[in-house]
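To keep things clear, I will list the structure first and then write my remarks on it.
First the proteins, then the strands, lettered A, B, ... as listed; each starts at 1. Values below: every heavy atom of this structure, side chains too, minus hydrogens, waters and symmetry copies.
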Amino acid sequence: MLDLQYLCDNLEAVRENCENRGVKINLDDLVALRDQRRELIMKGDQLRSEQKETSGKIPKASAEDKPALIARGKELRAEVAEIEQQQKEVDLKLREVQNQIPNMTHPDSPVGRSEEDSVTVREVGEKPSFDFKPKDHVDIAESLDLIDLEAGSKVAGHGFYFLKNEAVLLELALVQFAIEKLRAEGFTVMTTPDLARDDILEGIGFNPRGEESQIYSVENTDLNLVGTAEITLGGMKKDEVIDLENLPIKVAGISHCFRTEAGAHGRATRGIYRVHQFTKVEIFGFTAPDLELSNEFHQMILRIEEEFFQALNIPYRVLDIATGDMGGPAYRKYDLEAWMPGRGENGEYGEVTSCSNCTDYQSRRLNIRCKQPGTKGTQFVHTLNGTAVAVTRALIALLENNQQADGSVKIPEVLQKWVGIDLIKPGS
RNA sequence: GGAGAGAUGGCUGAGAGGCCGAAAGCGCCGGAUUGCUAAUCCGGUAAGGGUCGAAAGACUCUUCACGGGUUCGAAUCCCGUUCUCUCCGCCA
């Protein structure tokens, strides 16, 4: 959510930004509602002021003056209630409009409506060349007995899976490797709740209930299965005031991610590329409200994400995501796409991680502020998030890039200490 | 799941219908003083909305977990909710 005052003071810039982001919105409504709100506040203030004054006189008033004052007090109470009701309604409408307006955008983000408009920043690593037809992860997993998709469908439906044997060890190894790396980078690591309340989801920018929601919600409660630990890691500081000297806060969390994938039917449904549940290690940061600092933090997250895939020896490219494709809260967003030799005809890149600088868009709604000792007031912190590793996608890249002609798969060296072997062989 | 206790400013913690946006302490800021990794003294110090103002600021309203209610008037009384703590039960 953006600041109301800011929105009204920068209508043209906001209008252009909405245009670039592909968000249709009537900003005139916003201004009209803001004006209504202002009038109601002024009227209400005036009435409450008189109300205070009236009731304040009563203890000292003479017996003959009292009844009139009390009667006036009753009148005022009714008038105040009326105004407050109107203001509540206006505030609600205002909030609705405000929530649809996306964050402002980094000046360097490529302008465009779709994925194709994103810009490749760099390609890193050498794509493996095979002297055989590389298999996709489903076929590899089949011959090595690593994933049971049918069992997943049986117990929970399409989009669920069982990892088996070395795939289990690989999941744990990927998580451990990520955690080890993040601790070395100074992050406080944690495991997080897999459920969160509606208001936390909304604060982060998710729409927990509704037709096209990506979120599984639990009936008869205000709880939802989280789509990412970004929700819980960001939500953990809700309503807090943080001393400036304690920023930045660097946290990372292991969680499961649950996504309904509503509207994604028919898109890359094979295997474990698009699933309803996966394990992820998420990076999250709270910084001072200073673009220089949060942009720097953003670059650090990107660096960590890249180093992770470099260490696994998986080729990838970095995309600077176009305005129309980055979602409401982000000010700037990068994706890492790993090379997946089994995708498409001759291999394709597939998204494995992303990272966003959300500036104060999330913190405003979550009410996460910071305070500098000795200064008046508070400011909303900047929040950032990124994926250290999303296990299923990383697993796809790992299996497909490291497959051998004999059907075996090499384990990247950095993971071997956890997996315990250097090669997954058929029938082993 | 059952019983009880609680939720007050950045933190600790008083307050028990009007004199309370709220004592005191800590912390923080400014100053004085002595000098020596500090002590003492004095003063200041909540957040948010709105109006006016170029700004500094002035004025005003809201906020004592949240939502209702009683009342001319609620941190204070009543009801509901959430959360925390203690005890009991159950349980990995």
**A/Glu50: which of A/Arg72, A/Lys57, A/Lys43 passes salt bridge (charged side-chain N to carboxylate O under 4.0 Å, His left out)** = A/Arg72
**Prompt:** Which residue lies toward the 5' end of RNA chain B, A/Glu84 or A/Gln51, if each is placed at its nearest nucleotide?
**Reply:**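 Between the two, 5'-proximity favours A/Glu84.
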OP1 or OP2 of [N] under 4.0 Å from side-chain N/O of [X]:
X       : N      : answer
A/Arg37 : B/rG49 : no
A/Lys88 : B/rG68 : yes
A/Ser55 : B/rU71 : no
A/Lys74 : B/rC72 : yes

**Request:** Please name all residues satisfying salt bridge (Lys or Arg N to Asp or Glu O under 4.0 Å) with A/Asp198, sequence neighbours left out, ordered by chain then number.
**Result:**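 In terms of salt bridge (Lys or Arg N to Asp or Glu O under 4.0 Å), with neighbours along the sequence ignored, A/Asp198 is linked to A/Arg209.
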**Message:** Do A/Arg393 and A/Phe278 form a cation-pi contact, if we require the NZ or CZ to be under 6.0 Å from the six-membered ring centre and within 45 degrees of the ring's axis?
**Reply:** no
In whole Å, measure the gap between the [atom1] atoms of [N] and [M] for me.
N      : M      : atom1 : result
B/rU71 : B/rC78 : P     : 16 Å
B/rA16 : B/rC11 : P     : 23 Å
B/rU84 : B/rG27 : P     : 30 Å
B/rG4  : B/rU81 : P     : 14 Å

**Nucleotide-level pairing of RNA chain B, given in dot-bracket where Watson-Crick and G-U pairs need both distances under 3.5 Å and | marks other strands** = ((((((((.[[[..)..(.....]]]((((((.......))))))(((((((....))))))).[[[[[..)....]]]]])))))))....
Between [atom2] on [N] and [atom1] on [X], what's the gap in Å once rounded to a whole number?
X        : N      : atom1 : atom2 : result
A/Lys238 : B/rA65 : NZ    : P     : 16 Å
A/Asp45  : B/rU60 : CG    : P     : 11 Å
A/Asp239 : B/rU82 : CG    : P     : 18 Å
A/Arg48  : B/rU51 : CZ    : C1'   : 14 Å
A/Leu47  : B/rU51 : CG    : P     : 17 Å
A/Glu64  : B/rC72 : CD    : P     : 20 Å

**Item:** Between A/Arg369 and A/Asn367: side-chain donor-acceptor atoms closer than 3.5 Å
**Value:**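 Result is yes, a qualifying pair exists.
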**Prompt:** Looking at B/rG50, B/rG49, B/rC72, which one has an atom nearest to any side-chain atom of A/Met42?
**Reply:** B/rG50
**Asked** Are the charged groups of A/Glu89 and A/Lys93 less than 4.0 angstrom apart, N to O?
**Response** no
**Message:** Using a 4.0 Å heavy-atom cut-off, does A/Leu69 contact any base of the nucleic acid, only the sugar-phosphate backbone, or nothing at all?
**Reply:**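 A/Leu69: no heavy atom of the nucleic acid under 4.0 Å.
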**Message:** Applying a 4.0 Å non-hydrogen cut-off, can you work out what A/Arg34 is touching in the nucleic acid: base, sugar-phosphate, or nothing?
**Reply:** nothing
**Request:** Check the angle between the aromatic planes of A/Tyr216 and A/Phe160 and answer parallel, tilted or perpendicular using the 30° and 60° thresholds.
**Result:** tilted
